[in-house]
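Quick notes on the structure that follows.
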Amino acid sequence: MNIIYLDNNATTQVAPEVLEEMLPYFSEFYGNPSSMYNFAGQTAHKLEEARSKVASLLGASSEEIVFTSCGTESDNTAIQTAILSNPDKKHIITTRVEHPAVKNMGEYLSGKGYRVTSVPVDSKGRLDLDYLYKNLSDDTAIVSVMWANNETGVIFPIEEIAQAVKEKGIVFHTDAVQAVGKIPIDVSSTSVDMLSISGHKLHGPKGIGVLYVRKGTKFFPFMIGGHQEGGRRGGTENVASIAGLGKACELAAAHMEEENTRVKALRDRLESELLKRIPNAKINGDTDNRLPNTTSIGFDYVEGESILLMMNELGICASSGSACTSGSLEPSHVLRAMGVPFTAAHGSIRFSLSVYNTEKDIDVVIEKLPPIIQRLREMSPFCEAGNLKLET
Ligand code: PLP
C-alpha cells in the first residue's frame, strides 16, 4: 500500500543524503573521537564539522552546541542546570501547552517542593504574556517556553519573551524542537540562553538531540561522566547520528524557503478543501502565527481515534488530539488548555507535512476523508439530533 505520511511533527523520514552521511561511521570510521591517534581523527573531525553545521542553522557558534540523546534530554538538562545554578530559587515558569518533556519535568519538580507557574493560553493557543510577566520574580530560576507548539503549530513570540525575562536576570530556555528547520531562527539576535533540538523532527535520525547553551550561561551536566562535549555531557558521542544531524541541518537551511512556500501551500489547500467539504469542522489554533507545515482540525461529533483507524486502512498517517489514557479517551492537554469544546477536541486530527509530500498526497486526503467523517457521524449518537450532512 502506498503510504501518505502526514505525521511529520511525530517524526520524519531520514533524508537519503543524511543516511549516506551516516553510513561510514557505522563501518569504516569507528574510532572514538576522544582517542589520540590519527585513525580517530576522522570521527573527531566529522563531529566538529556537524557541530558547525548545527551552529550555522541556529546562528550560534560551535562552542555553544552540546550534543544530547534527544529533545527530551535537552529539555530536562536545561531545566535541571538552571535550578542547580540557582539553588536558592524555588520557582519555575512554563506554559500549559508544553510537550511532556518540559511539562512532566515541571510536575516532577513541583513534587520536590518547587513552585511551578503554568502560563495559560487563549482559545487560539496564544500565550497570556501579561500573566507570564506578572509572575516573574526574584525567586524564579528559569522560564521555559516552547518556540512552536507540536499539536497546533502555534508560534510563540520567543524573541520578545526572552528579552523580558533576561531584563530580570532570569535564565530563559526554549524548546524549539518543532520550530528548527521550519522557520528561520537566529539565536544571536535573541536573549535565549538555552534552546532544544531533536534530530528526528528535521529528517535526521532518532536518538540525537542538541542543547544550545549561550556562552557564559552557568551549566551543570545532566549526564555526569567523561570530558566529552566540553565537560557538559558525559558519554562517547553518537558520531554517526551527529554526522546525520549535521547534514539534516544543512538540508533544512537549503529547504527553508520550500517549507515556507510549497509545503505551506499544500497545507493551506488541504485545510481549506477539508473545511469546504466537511461541515462542523474548525481549525485549532492561531492561523496568523503557525508553523507552515501543521494544521490541527477539530471535526465535531466524531472520535479522533476512529478517524485515524479508518485513514490507516487507506495508508494515511496522521495523529489525533487525544491520548488514550487508562481506557478513557482524554483530549490532549493542549486542546483542553485552549478551551476547545469537548465535542471538537475529541475529533481533532493533526496533519503535519514535510518537503517529501506532494499534491497527490493532498488530493487523496481531500477525496477520502470527507466520506470517512460522514460515515462516522452517521454512526454517532450525537448526530441523530444534530442532523449533520456532508456537503459534496
Ligand atoms: N519537544 C517537542 C515540542 C516535541 O514535539 C518533542 C517530540 O515530539 C519533544 C520535545 C521530544 O523530542 P524527542 O522525541 O527527541 O525526545
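Atoms within each ligand, like the ligands themselves, are counted from 1 in listed order. Just so you know, these numbers come straight off a predicted model, no measurement behind them.
- Between M22 and G244, the shortest heavy-atom contact is CG-CA, 3.5 Å.
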Check your understanding: Passes side-chain contact (heavy atoms from CB on, under 4.5 Å), L195 versus W147? Steps please.
Key -> CA-CA 9 Å; L195 173 149; W147 202 306; 3.9 Å; yes
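- Using bins of under 30°, 30° to 60° and over 60° for the plane-to-plane angle, the ring pair Y37/F39 lands in the parallel bin.
- For ligand 1, the 4.0 Å heavy-atom shell takes in C70, G71, T72, D75, H99, M146, N150, D175, V177, Q178, S198, H200, K201, ordered by chain and residue number.
- With no hydrogens or angles considered, no side-chain donor-acceptor pair links D175 and S196 at under 3.5 Å.
- Side chains of I297 and N284 form no contact here, defined as non-hydrogen atoms less than 4.5 Å apart.
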Which side-chain N or O atoms in residues 104-113 pair as donor and acceptor under 3.5 Å with protein atoms at least two apart or in another chain?
{"residue": "E107", "atom": "OE2", "partner": "K103", "partner atom": "NZ", "Å": "3.3"}

